[in-house]
Amino acid sequence: MEDANENGDALPNNMDSMNTGPSNTGQRSRRALRFGLLELLLLTAAIAAWLPVWHARRQIPVLKSEIDTMLAASSRLIVMDESQLNIRALPSIWSSINSWRYFAPPNSDLELRLATEGINSVTFPIDYQSVALPEGEHEIHLKVISDAKGYHSEVFLDDDLALQIHHEPEWLDSSGSTSTADVHSESQAFPLDQTLTLQHQRFNIDHPLTKYGSVNIPSEYDKKGNYLWISPRKVVPQPPSVFLVPTTGHSTQGFGHRQGIKAVRLTNRGRTGLIGVQPSLFATLGDERRFSAYSPLTVSVRPVIDPETEPEKPEAVSPQFEPSQIGIPISFRDSIDQPKEYDANYAGQSLTDKTIRADGKSMTVFAHFKPFPSGAKPIIEILFDAEHPNRVGFLPHVATDSVPVQACQFVTQLNAKFMWRQIEMLAGPADDSSEADGDSDSISKKTTRVPLAELYPEMDLDALAENPGTTSFSYRLIPIERLPRAPSGDDSIESLLTLTTDVKDSSKIKFPAGLNWDLKYQGIANRQVWRLPVDDPVDDPDDATDDAPSGVSAEIRAASIYPTTKLGIPGGPAIRNVRITVPMPAKKPVWLEIIAEENQNAKSSPSPKK
Amino acid sequence: MHDPFHSFPQKRTLPSNSSPFRNLIRVALILSTVAGVGFSLEYNRTLMRLRQDHADLHDQVGLLEIEDAAKVSIAFVPFSEDDIPPGIEEAHAWRYRLYLPANYGPCYLTQRGLITADSPQGRGGSGSSSHGPRAEPIEVITSIALIKNDNRWIFCRASGGGSSTSYLPEDFQFESLNDLIVETVVSNKREVKTFDANEAVCLFRLRERELAKKRNGEPEDGLYRGFSFYLHSTKQKDAFRDWASGKTEQMEVVQ
């Protein structure tokens with residue numbers, strides 16, 4: 001009998017609704033999603049299993065942070081890898097004692113080494129004391145003090161004195177030092193085949209002119225200090241080279257004498273195309289060397305195509321140059337040979353040890369200029385000699401596909417910084433015969449320092465000293481015959497163009513307000529010397545032709561204001577540029593030397609052989 | 001007619017409990033439980049190790065517990081004879097852990113020569129250092145040491161990467177610290193002291209018991225031979241300087 005409602009309509013039959021239609025599917029779905037007790041228990045178990053993980057993940061960072069903080073205050077060493085050297089620095093109670101705790105595995109074959117001299121950034125010191133590093137966990141202490149008896153460096157292994165070096169009080173004149181290290185207060189692990197610096201302390205030296213200043217010694221120079229390091233016993237430091245080769249192709253680090261004059265690749269604004277000159281530290285002692293690319297002097301190389309026209313300049317023409325006028329870039333290379341293709345910026349070539357001669361006595365780098373607009377392609381051979389750390393030589397060449405070049409000019413710039421305003425000249429012309437008979441170190445003694453006023457008799461330089469204005473000075477040719485001469489290393493003769501200063505103490509100079517720091521000279525008095533080859537006399541005068549190259553010429557130009565400023569040079573006009581013109585093809589280099597005034601007698605020795 | 005015996009729907013057979021979906025759920029839960037147990041064991045092992053390390057270090061150097069993040073908190077770090085490096089004739093050292101709140105900018109003043117008993121004022125020489133405020137709180141280890149070298153006492157202090165060393169007069173000699181007045185901000189590892197960030201804190205003061213003597217033998221007015229070491233914030237720099245130089249009798253705190 002069919003069920004019916006009060007209206008007589010048939011009531012739905014549940015069986016029917018299950019078997020047919022959408023409501024039947026919904027019921028099936030709800031049954032599929034239903035969870036039983038087993039699922040509930042499994043869910044509870046899963047939550048219970050993961051709760052400790054969640055709790056631990058919250059606690060672990062907090063604990064680690066507190067442990068790190070406490071470790072810094074403690075002396076505990078965490079051994080992170082028992083197969084390596086584990087080490088940390090310990091908190092120190094006295095700045096004169098630094099301490100470390102280490103763990104060395106068995107058979108690690110390590111040495112602890114201490115040196116106090118010959119400390120540089122190029123290699124480890126070659127003179128050092130050493131002791132075998134015992135395996136296991138131990139402490140190292142380095143004590144450095146100075147007293148009336150001198151300077152004392154002592155190294156303790158645990159409580160035992162292991163190494164000590166003592167120096168007399170006169171060993172050092174220093175008012176400060178800088179220190180670096182590879183090891184910090186956190187425990188670290190290092191491979192056993194690696195050298196590890198514990199303390200790299202370098203002493204500064206007192207400023208030669210001021211009471212309280214000090215001089216930062218460039219990192220590649222040998223310094224006194226305290227160098228404590230751990231090294232594999234089999235690793236023996238090699239003696240550092242006399243010369244320095246930059247490690248990357250794009251580096252602005254200078255190249256040349258490691259502890260002397262260098263040439264620098266310049267890339268900063270307005271200087272592309274110029275060769276930077278970085279004098280030896282000892283020739284400019286006291287001058288501030290703020291950045292690694294310290295180059296207070298620059299050389300502009302200008303090929304002369306036509307003697308009647310002004311030669312092209314490799315540097316940008318004016319300070320407000322157009323973006324396209326960035327100067328002629330230079331590629332410094334190991335070889336005079338031109339590559340098939342230079343990289344777009346002329347910057348990618350790395351200098352290598354090929355620049356250093358096999359016997360280590362000289363270094364040669366070739367400066368390849370990008371072609372000038374005229375088609376001139378100069379290649380300048382830059383020379384360094386191990387016996388003369390204050391000299392750099394320039395020998396001009398041209399590429400095989402260059403337009404003919406009559407001569408090459410070398411124009412030094414930024415000379416005003418050094419306030420050179422005198423030239424050493426002979427009272428009369430040099431006498432070759434007297435030089436040939438004299439001893440190898442002889443230079444004519446009849447020299448006098450000729451002031452600039454004699455070269456510019458038409459100008460009132462004293463008035464310009466008071467009111468510099470913007471007076472323009474022209475180049476003045478220096479009579480070669482009035483320059484002193486000296487024998488060269490290859491038994492030939494050189495003329496010496498020597499610029500000197502009348503400023504004995506630059507610390508007393510009052511520089512004009514607003515002068516940029518890099519134009520303020522604060523070092524010792526020095527001189528710029530150009531050593532110019534004198535033509536070999538022609539054996540048979542009939543062989544002399546009009547085409548034979550004339551000799552090297554020298555000119556100077558003065559200025560009363562600093563370059564790119566309107567600020568007067570203290571003391572009056574000084575030499576702004578030196579222009580050396582070398583006829584092509586050149587056979588012998590010209591040498592530029594920047595030397596301290598007090599060393600000029602000791603250093604006036606013959607030029608090196610090429 | 002309504003049949004009561006047939007009005008209720010007959011019991012029907014429901015679908016089986018082991019549908020594929022539910023089986024999947026069960027397997028997932030079981031695997032999750034097993035994984036959870038595995039990870040729990042690993043994490044707990046790590047946690048136990050860290051707790052052990054924490055306890056060892058806590059025993060060695062103490063723990064700086066911060067109650068108020070806006071205040072300066074200072075804890076004592078135990079220092080034993082074993083911590084004194086070789087090559088030193090004699091040494092006494094004190095070490096603290098300083099919690100400095102955000103934007104504090106610690107400034108330190110060391111006064112040496114002649115000092116007062118209760119202020120940073122003095123005569124003879126002083127040295128100061130300061131560090132810029134940081135957005136986050138920092139913890140700094142500060143150590144103060146009296147070291148005897150070459151029969152002369154040296155005062156050394158180091159904090160936050162900076163250090164200074166001063167030589168005490170040659171005739172400043174003592175057999176034991178009991179001969180002097182030594183005041184430390186905290187003296188045992190269970191103690192943590194809290195200071196308002198605007199307050200100047202005397203971290204350490206060491207002085208002779210008697211007043212210093214003038215050249216004529218008369219005692220100095222309120223001055224003792226010794227040294228003191230103070231901490232204050234960058235904000236109070238000027239106020240502290242006025243107090244230390246004697247311009248004001250107390251530090252006029254800047255709020």
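In what follows, chains carry the letters A, B, and so on, assigned in the order in which the sequence lines appear, proteins first and then strands, with residues in each chain numbered from 1. Reckoned from all heavy atoms, side chains included, excluding hydrogens, waters and symmetry mates.
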Legend entry - Flag side-chain contact, heavy atom, 4.5 Å: H58(B) against E66(A): no
Could you look at [X] and say if it's the side chain, the backbone, both or neither that has a heavy atom under 4.5 Å from chain B?
X: I145(A); value: side chain
X: D158(A); value: backbone
X: I47(A); value: neither

Do you know which two heavy atoms are closest between [X] and [Y], and how far apart they sit?
X: I25(B); Y: E39(A); value: CG2-CG, 4.4 Å
X: R76(A); Y: L57(B); value: NH1-CG, 3.6 Å
X: T33(B); Y: A49(A); value: O-CB, 3.5 Å
X: G36(A); Y: R22(B); value: N-NH2, 3.1 Å
X: H54(B); Y: L63(A); value: CD2-CD2, 3.6 Å
X: A56(A); Y: Y43(B); value: CB-CB, 3.8 Å

Inset, instruction - Select, from H55(A), R57(A), K64(A), the one with the greatest count of heavy-atom pairs under 4.5 Å involving chain B. - result: R57(A)
Legend entry - Criterion side chain to side chain contact (heavy atoms under 4.5 Å, CB included) on H141(A) and I88(B), from CA distance to verdict: CA-CA 11 Å; H141(A) 307 274; I88(B) 292 179; over 6 Å; no
Inset, instruction - Return yes when atom CD of E90(B) has more than 12 non-hydrogen atoms of other residues, nucleotides or ligands closer than 6.0 Å, and no otherwise. - result: yes
Using non-hydrogen atoms and a 4.5 Å limit, figure out which bit of [X] sits close to chain A: side chain, backbone, both or neither.
X: L50(B); result: both
X: R157(B); result: neither
X: I154(B); result: side chain
X: A28(B); result: neither

Inset, instruction - With chain A as the partner chain, list the residues of residues 175-185 of chain B whose heavy atoms fall under 4.5 Å from it, by residue number, and write 'none' if nothing qualifies. - result: none
Inset, instruction - Any chance you could lay out the side chain to side chain donor-acceptor pair (under 3.5 Å) test for W50(A) and S32(B), step after step, and finish with the verdict? - result: CA-CA 8 Å; W50(A) 281 97; S32(B) 175; 3.2 Å; yes
Legend entry - Residues of residues 91-103 of chain A contacting chain B, heavy-atom criterion under 4.5 Å, by residue number: P91(A), S92(A), I93(A), W94(A), S95(A), I97(A), S99(A)
